[in-house]
J.: 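Attaching a single structure in structure tokens format; questions to follow.
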Amino acid sequence: MISKKWALLGASMLFAAPALADDSFTMGYSAGYLTDPFQSIEVNMTIDAAKKAGLKTLPVANANGDAGRQVTDIHNLIAAGAKGIIVVPTDSKAVEPAVAFAAGKKVPVVSIDNGVAGGKVFMVVRSNSVQMGKAACEAIGKALGGKGVVLELQGDLATTAGRERTKGFEDCMKSQFKGIKVNAQPTNWKTEKAVAAAQTIVSSTPDLGAIYMQSDSVMLAGVLSVLKSANKMTKVGEDKHIFLVTIDGTPGALKQVRDGYVDTVISQPVDLYVKYGLYYLQAAVAGKKFKVGPTDHDSEIVKQDGSLQDLLPAPVVTAANASDPALWGNAAK
């Protein structure tokens with residue numbers, strides 16, 4: 001269930017995507033899962049913004065982490081009259097047949113937050129996950145002086161985001177910080193798996209210097225609880241502080257930066273995922289085309305896995321800018 005706080009946050013960030021189609025159309029939304037606040041707010045914001053833009057919306061289809069179910073969901077959305085679909089894949093490869101089916105029915109698909117490994121997606125709207133992983137690596141490498149042990153809590157390697165956040169981080173570590181040992185633990189974007197991995201590694205690794213979390217929405221609260229239980233939750237700058245880096249930029253994560261417990265957050269621009277996801281879906285229905293190159297909104301369109309991808313900037317947040325009102329996680333203030 002989505003908390004009242006998150007619902008209010010979504011309502012406070014409403015906007016309409018730039019109108020491109022003269023006529024309204026029926027939009028479908030296929031969610032890979034809705035088990036964490038980031039995904040929930042992404043859905044709420046998208047549906048609210050779509051309605052404000054004059055689109056008709058079908059009930060959100062939640063695959064609940066089941067790749068096969070998501071394929072069925074997309075077929076069902078098309079059968080229910082969807083003329084355009086926004087998808088957040090639960091498995092970047094497994095969703096490909098559904099995307100191909102939609103293309104055959106002339107129903108454009110825009111993927112947000114996570115990429116699709118193949119198929120005819122009109123546009124993927126996300127951040128550069130390799131660069132986010134690299135930014136996390138560089139923050140940790142600098143903080144540890146190139147030596148020490150790091151716990152890497154991975155997402156799901158079946159998703160583009162999980163693979164790329166891992167690749168960016170680990171490639172950077174191997175090339176720039178050879179003196180740092182990375183203990184990588186898969187979590188499949190599951191809170192309980194992140195907590196279990198953190199409990200094991202924190203308790204068995206006395207020289208642990210940093211923890212890299214690929215999603216603060218999924219992992220941060222549990223990791224902080226583990227550190228507190230182990231008497232290892234110290235503030236930034238204090239003796240034996242374990243350096244903490246996360247990706248997402250939820251309100252809770254930004255508060256922990258301001259409170260001095262989290263060092264660095266890489267903020268995914270969920271507000272821009274929504275804005276430009278709807279923009280490209282309307283553009284697709286209107287027959288507009290795009291090409292590789294820089295955009296007018298400080299990003300760049302590239303071609304990857306057979307589809308165009310608009311890679312939006314993801315700001316690095318520290319104590320110096322954690323109160324910036326431009327960050328989506330501060331929008332409720």
J.: Once you round to the nearest 0.5 Å, how far does OG1 of T46 lie from CG of L55?
T.: 11.5 Å

J.: Is it true that the side chains of S127 and Q268 contain a donor and an acceptor less than 3.5 Å apart?
T.: no

J.: Short question: side chain of T166, backbone of G162 - any donor-acceptor pair under 3.5 Å?
T.: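 Such a contact is found between T166 side chain and G162 backbone.
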
J.: Within the structure provided, determine whether Y279 and V125 are in side-chain contact (heavy-atom separation under 4.5 Å).
T.: no

J.: Compare all side-chain heavy atoms of V88 with those of I112 and state whether any distance is below 4.5 angstrom.
T.: yes

J.: Hey, does the side chain of D216 reach the backbone of G249 with a donor-acceptor pair shorter than 3.5 angstrom?
T.: yes

J.: With side-chain contact (heavy atoms from CB on, under 4.5 Å) as the criterion, how do Y33 and K190 come out once you've worked through the C-alpha distance, each side chain's angles and the decisive distance to 0.1 Å?
T.: CA-CA 11 Å; Y33 56 91; K190 302 292 185 182; over 6 Å; no

J.: For the side chain of T205 and the backbone of L208, is there at least one donor-acceptor N/O pair under 3.5 Å apart?
T.: no

J.: Does a side chain donor of either T160 or S92 reach within less than 3.5 Å of an acceptor in the other side chain?
T.: yes

J.: Can you give me the closest heavy-atom contact between V109 and V121, atom names plus distance?
T.: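 Here V109 and V121 meet closest at O-CG1, 3.2 Å.
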
J.: Are L227 and V245 connected in a single hydrophobic cluster, I mean Ile/Leu/Val/Met/Phe/Trp/Tyr linked by side-chain heavy atoms less than 4.5 Å apart?
T.: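 Different clusters: V245 never reaches L227 through Ile, Leu, Val, Met, Phe, Trp or Tyr contacts under 4.5 Å.
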
J.: Would you say T26 and L58 make side-chain contact, with heavy atoms under 4.5 Å?
T.: yes

J.: Provide the closest heavy-atom pair for A67 versus T90 in the form atom of the first, atom of the second, distance.
T.: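 Between these two residues, the closest heavy atoms are CA-CG2, 3.6 Å.
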
J.: Looking at D259 and Y261, would you say the former's side chain and the latter's main chain have a donor-acceptor pair under 3.5 Å?
T.: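 A pair under 3.5 Å: no.
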
J.: Working to the nearest 0.5 angstrom, can you tell me the gap between K51 NZ and M27 CE?
T.: 9.5 Å

J.: May I ask you to decide if M45's main-chain N or O and D48's side chain share a donor-acceptor pair within less than 3.5 Å?
T.: no

J.: Quick one: does Q282's side chain get under 4.5 Å of F25's, heavy atoms only?
T.: yes

J.: With a 4.5 Å heavy-atom cut-off, do L224 and K228 have their side chains touching?
T.: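 Side chain of L224 against side chain of K228, heavy atoms only: no contact under 4.5 Å found.
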
J.: Is any side-chain heavy atom of V95 closer than 4.5 Å to one of I74?
T.: yes

J.: Which heavy atom of T200 sits nearest to which heavy atom of S204, and what is that distance?
T.: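 T200 and S204 have their closest heavy atoms at O-OG, 2.7 Å.
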
J.: Could you go step by step and tell me if H241 and V236 meet the side-chain contact (heavy atoms from CB on, under 4.5 Å) rule?
T.: CA-CA 6 Å; H241 171 69; V236 176; 3.8 Å; yes

J.: For D324, is there any backbone N or O sitting under 3.5 Å from a side-chain donor or acceptor partner on N321?
T.: no

J.: Looking at S217, is its backbone amide N or carbonyl O close enough to the side chain of D248 to form a donor-acceptor pair, meaning the two atoms are under 3.5 Å apart?
T.: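 Present.
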
J.: Hey, what do you get for CD (Q214) to OG1 (T246), rounding to the nearest 0.5 Å?
T.: 11.5 Å

J.: Mind listing the closest non-hydrogen atom pair of P89 and T159 along with its distance?
T.: O-CG2, 4.5 Å

J.: Could you pull out the closest heavy-atom pair between I211 and V202, with the gap in Å?
T.: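 For I211 and V202, the tightest heavy-atom pair comes out as CD1-CG2, 4.4 Å.
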
J.: Is there a chain of hydrophobic side chains (I, L, V, M, F, W, Y, each step under 4.5 Å between heavy atoms) that links I266 to V218?
T.: no

J.: Distance only, no hydrogens: is a donor on one side chain within 3.5 Å (strictly under) of an acceptor on the other, for Q39 and D113?
T.: yes

J.: Between the side chain of K288 and the main-chain N/O of A284, is any donor-acceptor distance below 3.5 Å?
T.: no

J.: Is it possible for you to say whether Y212 and F243 belong to one hydrophobic cluster, with membership spreading through side-chain heavy-atom contacts below 4.5 Å?
T.: yes

J.: Can you check side-chain contact (heavy atoms from CB on, under 4.5 Å) on E138 and V316, steps first, answer last?
T.: CA-CA 11 Å; E138 291 174 342; V316 175; over 6 Å; no

J.: Going by disulfide (SG to SG under 2.5 Å), name the pairs with one or both residues in residues 214-281, residues two or more places apart or in two chains.
T.: none

J.: Answer yes or no: is there a donor N or O on one side and an acceptor on the other, between the side chain of R258 and the main chain of A322, under 3.5 Å?
T.: yes

J.: What about L272 and I41, same hydrophobic cluster or not, with Ile/Leu/Val/Met/Phe/Trp/Tyr joined at side-chain heavy-atom distances under 4.5 Å?
T.: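 Yes; I41 is reachable from L272 via cluster members.
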
J.: Quick one: NZ on K193 to CD on Q185, what's the gap to the nearest 0.5 Å?
T.: 11.5 Å

J.: Just checking K232: does its NZ atom have more than 12 heavy atoms from other residues, nucleotides or ligands closer to it than 6.0 angstrom?
T.: yes

J.: Report the distance from atom CG of L281 to atom NZ of K83, rounding to the nearest 0.5 Å.
T.: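 If we round to the nearest 0.5 Å, L281:CG and K83:NZ are 13.0 Å apart.
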
J.: V257, M213: one ILVMFWY side-chain cluster at the under-4.5 Å cut-off?
T.: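 Yes, one cluster joins them.
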
J.: List the atom of M173, the atom of V150, and the distance in Å for their closest heavy-atom pair.
T.: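 Minimum heavy-atom contact is CE-CG2, 4.4 Å.
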
J.: To the nearest 0.5 Å, what is the distance between CD1 (I180) and CG (L144)?
T.: 5.0 Å

J.: Are side-chain heavy atoms of V71 and F101 found at a separation under 4.5 Å?
T.: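 SC-SC contact between V71 and F101 ruled out.
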
J.: I want to check something: taking the side chain as every heavy atom from C-beta on, are P186 and L157 in contact at a cut-off of under 4.5 Å?
T.: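 The answer is no, as the side chains (C-beta and beyond) never meet within the 4.5 Å cut-off.
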
J.: Run the side-chain donor-acceptor check on residues 304-314: report pairs under 3.5 Å with partners two or more places apart or on a different chain.
T.:
| residue | atom | partner | partner atom | Å |
| --- | --- | --- | --- | --- |
| Q304 | NE2 | E164 | OE2 | 2.7 |
| S307 | OG | G119 | O | 3.3 |
| Q309 | OE1 | R126 | NE | 2.8 |
| Q309 | OE1 | R126 | NH2 | 3.0 |
| Q309 | NE2 | Q304 | O | 3.3 |
| D310 | OD1 | S299 | OG | 2.5 |
| D310 | OD2 | Y280 | OH | 2.7 |
| D310 | OD2 | H297 | NE2 | 2.7 |

J.: Are M123 and I301 close enough, and set up right, to give a side-chain contact (heavy atoms from CB on, under 4.5 Å), and what steps lead you there?
T.: CA-CA 9 Å; M123 185 70 71; I301 295 176; 3.9 Å; yes

